[in-house]
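Structure first, then comments.
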Amino acid sequence: MSSAYDVVVIGGGNAAFCAALAARESGVSVLVLECAPIDERGGNSRFTAGAMRVAYNGVDDLARLMPDLTNEDKANTDFSAYPIEQFYDDLCRVTQYRTDPHLAETLVGRSFETMLWMRGKGIRFAPIYGRQAFKVDGRFKFWGGLTVEAWGGGPGLIDALYNSAQRDGIEVWYESRAIKLIHDDDGVHGVVVRKNGRTVNVAARSVVIASGGFEANAEWRTRYLGPGWDLAKVRGTRFNTGDGIRMALEIGAMPYGNWSGCHAVGWDRNAPEFGDLSVGDGFQKHSYPFGIIVNGRGRRFVDEGADFRNYTYAKYGRAVLEQPGQFAWQIFDRKVAHLLRDEYRIKRVSKVSAATLEELAGKLEDVDASGFLEEVRAYNAAVRTEVPFNPNVKDGRSTHGLAINKSNWANTIDTPPFEGYAITCGITFTFGGLHIDSNGAVINTDGAPIRGLYAAGELVGGLFYFNYPGGTGLMSGSVFGRMAGSAAGRAVRS
Ligand SMILES: Cc1cc2nc3c(=O)[nH]c(=O)nc-3n(C[C@H](O)[C@H](O)[C@H](O)COP(=O)(O)OP(=O)(O)OC[C@H]3O[C@@H](n4cnc5c(N)ncnc54)[C@H](O)[C@@H]3O)c2cc1C
């Protein structure tokens, strides 16, 4: 069997559909290959809250992205600004200045125009009031550089992208796994696909790979991230097994970026091995800056208040994986219970409550109770209670004199009821991947672009090292997806 299209896009998530929509603007025929069945379509993008990190200069810019913003929203909210320079600085800082400056500049510099372009394709956006702004003195204030989310979260984003593709006449094949690139000395000419158990050759003038990282492949995780990573739970899709990266490497693509690094978070200890679309991102537990995290010995092991959650959560999953038994407990008391995100109130949550700390210690499964009580006593005594608590800013309310101090939002844990939430490590996506040029073309090991081959999304290496600023994954897929798709479409026309 064989078919032919001008552009074939491998993957069914945000990056793939931004590429497909952009390629179609050149008037070429476009096929999207999604290896998942229709009811699991959309990759990790569908599991997200749809939060997107975008550079903007103030509320007028936001109103262009979100014309639904009301005068009341504008009056009651400090949206502030998130200028290009700050986005760039944040990306450089959290990646320890390893991020590829060209990729970083492209991502940041094109973030706003790309979201406007998406808006033109029918994707709607809204402010992230629920998760990124607390109300203090009657006014919301956004913090952490993250202000905008896709309407309806990840599922809303994916539906809107698929609808837009359908309107534009883009074809989608489900249960169609790309297994190999058709390639010769002149470049890439198509894809070999397993479709409903049959092998199909699909000829194409350009191919865009947007099939995610290798986070759902336990063997590759162990091989590249290191021992123990086979034990991490996968937060999202079970389909991102590194196929796109493998196919490209097989024809001489350059491996690039932080191959031993990944995005991983605190995730319910009893969550299933892969993501569950009915729960989405609800197994994450992201309110730890307002409490403490202890391991099986009852000891703290990270500075829970080192920075806004958006700048620490993606690296703390690794810290949990490194603890004995690969688990930890997050502890809160009544004073901060109202600040806990909605994910702490889902049905499938591993939670215990108690009226005293001693009772709580007895309920924390697999934790040394006396070690825990000793740790809380030392922590409580170290809190600088004279500094006012403010969740909207880095308030400097820290501990002093501990082996691991907490830098902000330190509150004593002394007011019942007390709550404990059991977490393990949930991997989101891997950082290592392929090297692309300024057109989104995949670069080979000699440093030259491979003719006819483009890449976007999670499998682009070189952007993230060690850590990640929240909301950048979708933005990266959008910016580089659009770029790769446009170049792929233009190449067919030239
Ligand atoms: C629970 C969770 C919450 C998140 N929250 C956010 C957030 O709020 N904001 C944010 O910016 N990022 C978030 N992320 C990260 C974000 O999901 C990713 O960075 C982004 O969606 C990646 O987009 P992508 O298109 O590259 O990959 P994906 O959306 O994962 O798409 C990859 C696609 O490729 C398909 N595929 C794989 N192999 C093949 C093959 N061989 N042939 C054909 N198809 C194939 C898959 O089925 C899938 O459709 C979150 C991730 C998770 C898991």
Side-chain angles (χ1 to χ4, degrees), residues 8-20 31-38 40-54 111 128 131-132 146 148-150 153-154 157-158 161-162 172-181 191-195 208-217 233-247 262-265 267 271 274-277 279-284 286 310 313-314 343 426-431 433 455-460 463-464 468-478 480-481 484:
V8 169
V9 179
I10 305 173
N14 175 57
F17 274 86
C18 287
L31 170 68
V32 171
L33 297 171
E34 164 61 296
C35 69
I38 189 165
E40 287 182 84
R41 73 181 186 184
N44 277 344
S45 305
R46 181 160 159 203
F47 283 87
T48 69
M52 295 182 73
R53 183 168 293 256
V54 57
S111 60
I128 320 178
R131 293 180 166 189
Q132 288 298 140
L146 201 50
V148 185
E149 67 188 353
L157 171 67
I158 287 298
L161 286 167
Y162 276 73
V172 182
W173 289 3
Y174 294 101
E175 297 180 61
S176 297
R177 184 180 281 276
I179 52 177
K180 200 173 161 193
L181 295 168
V191 186
V192 181
V193 183
R194 278 300 276 181
K195 184 183 186 208
V208 181
I209 315 176
S211 48
F214 57 87
E215 56 274 4
N217 181 334
K233 307 229 181 205
V234 178
R235 296 178 67 204
T237 177
R238 62 194 172 97
F239 293 101
N240 289 1
T241 49
D243 290 0
I245 299 174
R246 174 189 51 76
M247 284 184 277
C262 68
H263 181 305
V265 309
W267 190 248
F274 295 99
D276 178 335
L277 280 166
V279 177
D281 65 2
F283 291 123
Q284 67 201 8
H286 282 351
N310 310 79
Y313 77 118
E343 69 230 19
I427 183 168
T428 319
F429 67 93
T430 44
F431 290 161
E458 278 179 3
L459 49 65
V460 170
L463 263 175
F464 309 122
Y468 154 103
T472 318
L474 288 174
M475 199 68 250
S476 159
S478 297
F480 293 107

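Bear in mind that the values here come from a model prediction, so they are computed numbers and not experimental data. Just so you know, ligand 1 is whichever comes first in the structure, and atom 1 is the first atom listed for that ligand.
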Just heavy atoms, cut-off under 4.0 Å: does S476 contact ligand 1 by side chain, backbone, both, or neither? neither

Which ligand 1 atoms does A210 reach within 4.0 Å, using its non-hydrogen atoms? 32 (C), 33 (C), 34 (O)

Q284 to ligand 1: N or O pair under 3.5 Å? no

Taking the side chain as everything from C-beta on, heavy atoms only, tell me whether F17 gets closer than 4.5 Å to V172. yes

Identify the protein heavy atom lying closest to atom 19 (O) of ligand 1, giving its residue, its atom name and the separation to 0.1 Å. G473 CA, 3.3 Å

Taking N or O atoms only and a 3.5 Å limit, does M475 qualify as a polar contact for ligand 1? no

Donor-acceptor contact present, side-chain Q284 to main-chain E343, <3.5 Å: no

OG1 (T48) and CZ (R46) are apart, to the nearest 0.5 Å, by 11.0 Å

Once you round to the nearest 0.5 Å, how far does CZ of R194 lie from OG of S176? 11.0 Å

Heavy atom of the protein closest to atom 4 (C) of ligand 1 (residue, atom name, distance): T48 CG2, 3.4 Å

Any nitrogen or oxygen of A178, main chain or side chain, under 3.5 Å from a nitrogen or oxygen of ligand 1? yes

I'd like to check which ligand 1 atoms, numbered from 1 as shown, lie under 4.0 Å from a non-hydrogen atom of G457. 26 (O)

Intermediate values then yes/no, side-chain contact (heavy atoms from CB on, under 4.5 Å), R41 and Y174: CA-CA 8 Å; R41 73 181 186 184; Y174 294 101; 2.9 Å; yes

Looking only at protein heavy atoms, which one is nearest to atom 18 (C) of ligand 1, and how far off is it? E458 OE2, 3.4 Å

Rounded at 0.5 Å granularity, tell me how far CD in E215 sits from CZ in F431. 10.5 Å

Is a side-chain donor or acceptor of N240 paired with a backbone partner of G43 at a separation under 3.5 angstrom? no

Closest non-hydrogen protein atom to atom 44 (N) of ligand 1, residue and atom name please, with distance? C35 N, 3.2 Å

E34 side chain to G42 main-chain N or O, any donor-acceptor pair under 3.5 Å? yes

Per-atom contacts, ligand 1 versus G13 - under 4.0 Å to a heavy atom: 25 (O), 29 (O), 31 (O), 33 (C), 49 (O)

Ligand 1 atoms nearer than 4.0 angstrom to some heavy atom of G50 are 8 (O)

Before signing off on this row, confirm whether D281 and ligand 1 have an N or O atom pair separated by under 3.5 Å. no

heavy-atom search around atom 29 (O) of ligand 1 in the protein gives S45 OG, 2.5 Å

Can you check side-chain contact (heavy atoms from CB on, under 4.5 Å) on R235 and D281, steps first, answer last? CA-CA 7 Å; R235 296 178 67 204; D281 65 2; 4.3 Å; yes

Residues Y162, V32; criterion side-chain contact (heavy atoms from CB on, under 4.5 Å); working and verdict: CA-CA 10 Å; Y162 276 73; V32 171; 5.6 Å; no

Any donor-acceptor pair under 3.5 Å linking the side chain of K233 with the backbone of A271? yes

Just go through G242, G154, G43 and tell me whose heavy atom is the nearest to atom 48 (C) of ligand 1. G43

With only distance considered, is F47 within less than 3.5 Å of ligand 1 through an N or O on each side? no

Mind checking whether S176 has a heavy atom under 4.0 Å from ligand 1? yes

Can you tell which part of T472 has a heavy atom less than 4.0 Å from ligand 1: side chain, backbone, both or neither? backbone

Please lay out, stage by stage, how T472 and H263 fare under the test side-chain contact (heavy atoms from CB on, under 4.5 Å). CA-CA 11 Å; T472 318; H263 181 305; over 6 Å; no

Kindly identify the option in R235, E149, R238, R41 whose heavy atom sits closest to atom 3 (C) of ligand 1. R235

Atoms of ligand 1 close to G11 [distance to a heavy atom under 4.0 angstrom, numbered from 1]: 33 (C), 34 (O), 35 (C), 44 (N)

Determine the interplanar angle of the Y468 and F429 rings, folded into 0 to 90°, and report it as parallel if under 30°, tilted if 30 to 60°, perpendicular if over 60°. perpendicular

If we set the cut-off at 4.0 Å for heavy atoms, which region of L474 has an atom near ligand 1: side chain, backbone, both, or neither? both

With heavy-atom distances below 4.0 Å as the criterion, list the atoms of ligand 1 near Y468. 10 (C), 11 (O), 12 (N)

State whether the side chain of N310 and the backbone N or O of G470 hold a donor-acceptor pair below 3.5 Å, judged by distance alone. no

Flag, side chain of T430 to backbone of F214, donor-acceptor distance under 3.5 Å: yes

Could you check atom 51 (C) of ligand 1 against the protein and tell me its nearest heavy-atom contact, residue, atom and distance included? T428 CG2, 3.2 Å

among protein heavy atoms, the one nearest atom 33 (C) of ligand 1 is G12 N, 3.4 Å

Heavy-atom gap G275 to ligand 1 smaller than 4.0 Å: no

How far apart are the closest heavy atoms of L474 and N14, and which atoms are they? O-ND2, 3.0 Å

Which residue and heavy atom of the protein sit nearest atom 49 (O) of ligand 1, plus the separation: E34 OE2, 2.7 Å

Using non-hydrogen atoms of the residue, decide whether R177 is closer than 4.0 angstrom to ligand 1. yes

State whether the shortest distance between N or O atoms of T237 and N or O atoms of ligand 1 falls below 3.5 angstrom. no

With a 4.0 Å cut-off on heavy atoms, is W173 in contact with ligand 1? no

Atoms of ligand 1 under 4.0 Å from any heavy atom of I10, numbered from 1 in the order shown, are 42 (N), 43 (C)

Taking ring-ring contact (aromatic ring centres under 6.0 Å, His included) as the criterion, tell me which of F47, W267, F274 meets it with F283. W267

Under 4.0 Å from a heavy atom of G236: give me the atoms of ligand 1 that qualify, with their elements. 53 (C)

Enter the distance from S211:OG to R177:CZ here, rounded to the nearest 0.5 Å. 9.0 Å

Answer with side chain, backbone, both or neither: which part of F274 has a heavy atom less than 4.0 angstrom from an atom of ligand 1? neither

